Number of protein chains: 2
Amino acid sequence: MHKSAEIKQLLATHNLRSTRARSLILGLLLHENRHYTPDEMLAELKNQGKPLSTATLYQNLRQLTDKGILAKFSGKNSVLRYDINTEEHNHIVCTDCGRVLDVNLEGSLDHLIPKPLPDTKSDLAQWLVATKHLEFKGVCPDCQKV
Amino acid sequence: MHKSAEIKQLLATHNLRSTRARSLILGLLLHENRHYTPDEMLAELKNQGKPLSTATLYQNLRQLTDKGILAKFSGKNSVLRYDINTEEHNHIVCTDCGRVLDVNLEGSLDHLIPKPLPDTKSDLAQWLVATKHLEFKGVCPDCQKV
DNA sequence: TTACGTGCAAACGTTTTGCACAAAC
DNA sequence: GTTTGTGCAAAACGTTTGCACGTAA
């Protein structure tokens with residue numbers, strides 16, 4: 001299936017109309033290993049001669065995130081970034097340049113269960129745990145050279 | 001050691017002067033199982049009759065975070081929160097009300113190693129991995145009642 | 001044809017800055 | 001005495017809103 005058809009179907013299955021703004025946004029994030037900030041998206045789209053208004057971008061980012069199509073996370077300096085929310089994956093963040101890489105895990109998270117801190121009376125046992133996200137921090141190859 | 005002495009020492013070991021603002025901030029976060037937003041800190045301190053200016057709060061939060069005394073993380077709706085950066089610990093976040101609990105792990109993260117995604121040519125092997133932070137998401141007991 | 005999406009400009013909340021004065025060392 | 005921290009007000013920044021018009025279904 002080619003890209004625009006894939007986007008249409010993705011939107012349809014989530015009961016979202018297929019619009020120019022949504023296609024442009026998903027066009028950026030789908031099949032790209034990048035994690036754009038809203039600002040970067042605006043710049044990139046402007047570059048491509050397909051400008052989008054700020055309001056429209058933010059409105060759509062929110063809808064797409066609410067529907068679970070996109071995932072929002074905060075990278076270096078708490079800058080918000082978005083990526084396509086495919087199956088569960090994890091991140092490694094460079095503490096130097098802020099670069100983010102998606103990673104899989106060698107080993108499983110299944111055996112990891114939250115446990116109350118030693119000196120706390122917490123109600124942790126009553127929580128319903130839904131997801132686990134592991135974030136690695138480290139230094140990327142480029143930043144090691146300096 | 002009593003609290004104010006503990007704070008003085010903490011600051012001294014990080015080459016930071018002992019000032020009113022820093023003592024108030026650390027006074028809030030030390031030994032408290034809460035994760036304040038900047039706004040909540042301002043309100044709480046005002047409440048205690050020890051008001052702090054916005055500028056001073058933010059300047060100090062930045063310095064304390066840079067020195068590694070505090071840790072910053074983004075909770076529900078990407079609201080920034082701070083906690084004392086003691087030994088490694090993990091978080092569980094309620095997807096409903098945004099409540100955050102510190103947790104330990106039953107089981108170890110040691111065997112978890114980042115692995116490239118299947119369809120990617122990444123330079124992951126060259127990264128230096130420093131830390132791992134696991135975030136659970138779920139629903140807290142209070143929000144299950146509704 | 002109706003509900004929803006878009007762009008503009010203005011509003012909003014949070015964080016940062018410039019500067020004069022005060023406190024820490 | 002020098003360096004660093006503080007408070008104020010103003011500015012900057014990212015995000016959201018109100019509204020008139022355009023588009024998808």
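Chain letters run A, B, ... following the sequence lines, proteins first, then strands; residues in each count from 1. Quick caveat: nothing in here was measured; it's all calculated off a predicted structure.
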When you check the phosphate oxygens OP1 and OP2 of D/dT6, does a side-chain N or O of B/Thr56 lie under 4.0 Å from one of them? no
Just to confirm, is there a sub-4.0 Å distance from OP1 or OP2 of D/dT6 to any side-chain nitrogen or oxygen of B/Asn60? yes
Take the protein atom [atom1] of [X] and the nucleotide atom [atom2] of [N], then report the distance between them rounded to whole Å.
X       : N      : atom1 : atom2 : answer
A/Asn15 : C/dA3  : CG    : P     : 17 Å
A/Leu42 : C/dG7  : CG    : P     : 10 Å
B/Lys72 : C/dT14 : NZ    : P     : 15 Å
A/Leu11 : C/dC4  : CG    : P     : 16 Å
B/Leu80 : C/dT14 : CG    : C1'   : 9 Å
B/Leu57 : D/dA9  : CG    : C1'   : 17 Å
B/His14 : D/dT4  : NE2   : C1'   : 18 Å
A/Asn77 : D/dG14 : CG    : P     : 12 Å

Using the closest heavy atom to pick a nucleotide of DNA chain C for each, name whichever of B/Asp39 or A/Gln63 lands nearer the 5' end. A/Gln63
What pairs with B/Asp39 under salt bridge (Lys or Arg N to Asp or Glu O under 4.0 Å), at least two apart in sequence or on another chain? none
Test salt bridge (Lys or Arg N to Asp or Glu O under 4.0 Å) applied to B/Arg22 - qualifying residues, sequence neighbours left out: none
Side chains of A/Lys132 and B/Leu134: does their closest heavy-atom pair fall under 4.5 Å? yes
Any side-chain heavy-atom pair from A/Ser78 and B/Lys72 closer than 4.5 angstrom? yes
Would A/His111 and B/His111 count as a close aromatic pair, with their ring centres under 6.0 Å? yes
Taking side chain to side chain donor-acceptor pair (under 3.5 Å) as the definition, give me every residue that meets it alongside A/Gln59, ordered by chain and number, with sequence neighbours left out. none
Under the side chain to side chain donor-acceptor pair (under 3.5 Å) rule, collect the residues that match up with B/Thr56, sequence neighbours excluded. B/Ser53
Mind running a 4.0 Å heavy-atom check of residues 16-26 of chain A against DNA chain D and sending the residues that fall below it, in number order? A/Arg17, A/Ser18
Once the angle between the rings of A/His35 and A/His91 is folded into 0 to 90°, is it parallel (under 30°), tilted (30 to 60°) or perpendicular (over 60°)? perpendicular
Within 6.0 Å of NZ in A/Lys137, more than 12 heavy atoms from elsewhere: no
Listing time: all N or O pairs from protein to nucleotides 16-19 of chain C that are below 3.5 Å?
{"residue": "C/dT17", "atom": "OP2", "partner": "B/Arg62", "partner atom": "NH2", "Å": "3.4"}

